[in-house]
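For clarity, every value in this text was computed on a predicted model and none was experimentally measured.
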Amino acid sequence: MTPNLALTADQAHARLHELTVIDVRTPGEYASGHLPGAHNIPLDHLDAAVPSLSAAAERGQLLVVCASGARSATACERLADRGIDAATLTGGTTAWARLGHDTHRPAGSRSPWAMDRQVRLAAGSLVLTGLLAGRRWSAARVLSAGVAGGLVFSAVTNTCGMAKMLARLPYNRPDATDLDATLAALKG
């Protein structure tokens, strides 16, 4: 594969048997539903996974997925910088599910909210708190303005600082044993 190759959900579905799927979402998002056979390596653990991903790429093609395709595109660029070719899933698991393709959930897992939903809740709560507190203490409105500015910056740069912070919450972090087992399986 060439760096930054993108596959549509239908193309990936047709080739799923020949691809090693790497899901770079948080463990909470992964538990809410992922492509069959996908391995969960959150984006912030990608650098530690490079040796395992390199070994997996030598055996076959890598497909990197996330919810929308933004984080997986970032992951593919970072892997390409390390000499590992990978494709991204255009539209992510959202497009995959929208087309009716099967998603799997780990047995016994709870289904936490997707990261974009967590961000909307946190941002909305902070804005509302700033506005309500601003009725008594006008300086509190700065909180609302700061969140609004952060959302604009997030849209312009296609990054999300709030999502990075929320990803560090316990329910969004991988268990060390789960990640270790995933990396060992990829090394083959």
Side-chain angles (χ1 to χ4, degrees), residues 1-118 158 160 163 167 171-188:
M1 275 190 189
T2 58
N4 302 326
L5 176 66
L7 298 177
T8 66
D10 285 333
Q11 291 170 327
H13 185 261
R15 298 182 51 203
L16 194 58
H17 64 282
E18 67 188 55
L19 299 169
T20 299
V21 181
I22 308 300
D23 192 320
V24 295
R25 297 177 298 159
T26 66
E29 292 174 292
Y30 176 81
S32 69
H34 55 268
L35 274 66
H39 301 278
N40 184 220
I41 301 175
L43 186 59
D44 59 342
H45 289 76
L46 192 68
D47 292 334
V50 165
S52 298
L53 292 170
S54 180
E58 289 176 11
R59 291 190 308 276
Q61 298 176 329
L62 297 181
L63 175 66
V64 183
V65 303
C66 67
S68 67
R71 283 178 281 178
S72 60
T74 298
C76 286
E77 289 173 14
R78 286 172 53 188
L79 291 173
D81 290 344
R82 301 273 179 97
I84 301 170
D85 292 338
T88 186
L89 178 63
T90 303
T93 55
T94 302
W96 179 271
R98 186 175 37 244
L99 291 174
H101 298 309
D102 189 29
T103 58
H104 291 179
R105 289 181 173 80
S109 68
R110 59 179 174 37
S111 186
W113 289 357
M115 186 57 65
D116 66 319
R117 187 175 180 190
Q118 292 180 46
N158 198 27
C160 188
Y171 55 84
N172 283 327
R173 286 186 295 173
D175 258 350
T177 55
D178 292 343
L179 185 59
D180 293 342
T182 298
L183 297 178
L186 286 171
K187 280 187 178 176

Query raised in the report: Just how far is it from atom CG of Asn158 to atom OG of Ser68, taken to the nearest 0.5 Å?
Result: 7.5 Å

Query raised in the report: For His45 and Ile41, which heavy atoms make the closest approach, and how far apart are they?
Result: O-CG2, 4.0 Å

Query - Spacing of CE belonging to Met115 relative to CZ belonging to Arg25, to within rounding of 0.5 Å - result: 10.5 Å

Report task. Return yes if a side-chain donor-acceptor contact under 3.5 Å exists between His13 and Asp102, otherwise no. Result -> no

Report task. For the pair Tyr30 (side chain) and Ala38 (backbone), establish whether a donor and an acceptor sit closer than 3.5 Å, ignoring hydrogens and angles. Result -> yes

**Report entry** Option from Val21, Thr20, Asp23 for which side chain to side chain contact (heavy atoms under 4.5 Å, CB included) with His39 holds
**Finding:** Thr20

**Report entry** Taking every non-hydrogen atom, the tightest pair across Pro27 and Asn40
**Finding:** CA-OD1, 3.5 Å

Query raised in the report: Got a second to check how far Leu179's CG is from Ser52's OG, nearest 0.5 Å?
Result: 8.5 Å

Requested in this report: Test salt bridge (Lys or Arg N to Asp or Glu O under 4.0 Å) on Lys187 and Glu58 and set out the steps.
Outcome: CA-CA 10 Å; Lys187 280 187 178 176; Glu58 289 176 11; over 6 Å; no

Query raised in the report: Does Arg82 reach the side chain of Leu79, with side-chain heavy atoms less than 4.5 Å apart?
Result: no

Query raised in the report: How long is the gap from CG on Leu35 to CD1 on Ile22, to the nearest 0.5 Å?
Result: 11.5 Å

Query - Distance, nearest 0.5 Å, that separates CD of Gln61 from CG of Leu7 - result: 8.0 Å

Report task. Specify the closest pair of heavy atoms between Trp96 and Ala9, including all atoms of both residues, with the distance to one decimal. Result -> CZ3-O, 3.6 Å

Requested in this report: Go through the steps to decide whether Thr88 and Val65 satisfy the test side chain to side chain contact (heavy atoms under 4.5 Å, CB included), and finish with yes or no.
Outcome: CA-CA 6 Å; Thr88 186; Val65 303; over 6 Å; no

Requested in this report: Please report the shortest heavy-atom distance between Ser72 and Cys66, naming the atom on each side.
Outcome: N-SG, 3.4 Å

Query raised in the report: Val50 versus Ile84: any side-chain heavy-atom pair under 4.5 Å?
Result: yes

Requested in this report: Determine whether the side chains of Thr74 and Glu77 contain a donor N or O and an acceptor N or O closer than 3.5 Å.
Outcome: no

Query raised in the report: Is there a side-chain contact between Pro36 and Leu16, using heavy atoms and a 4.5 Å cut-off?
Result: yes

Query raised in the report: Cys76 and Ala86: which non-hydrogen atoms are nearest, and at how many Å?
Result: SG-O, 3.7 Å

Query raised in the report: Atom CG of Leu183 and atom CG of Leu53: how far apart are they, to the nearest 0.5 Å?
Result: 7.5 Å

Query raised in the report: Would you say Thr26's side chain and Glu29's backbone share a donor-acceptor pair under 3.5 angstrom?
Result: yes

Query raised in the report: Do the side chain of Gln11 and the main chain of Thr8 share a donor and acceptor less than 3.5 angstrom apart?
Result: yes

Query raised in the report: So His104 and His34, would you call those rings parallel, tilted or perpendicular, with 30° and 60° as cut-offs?
Result: perpendicular

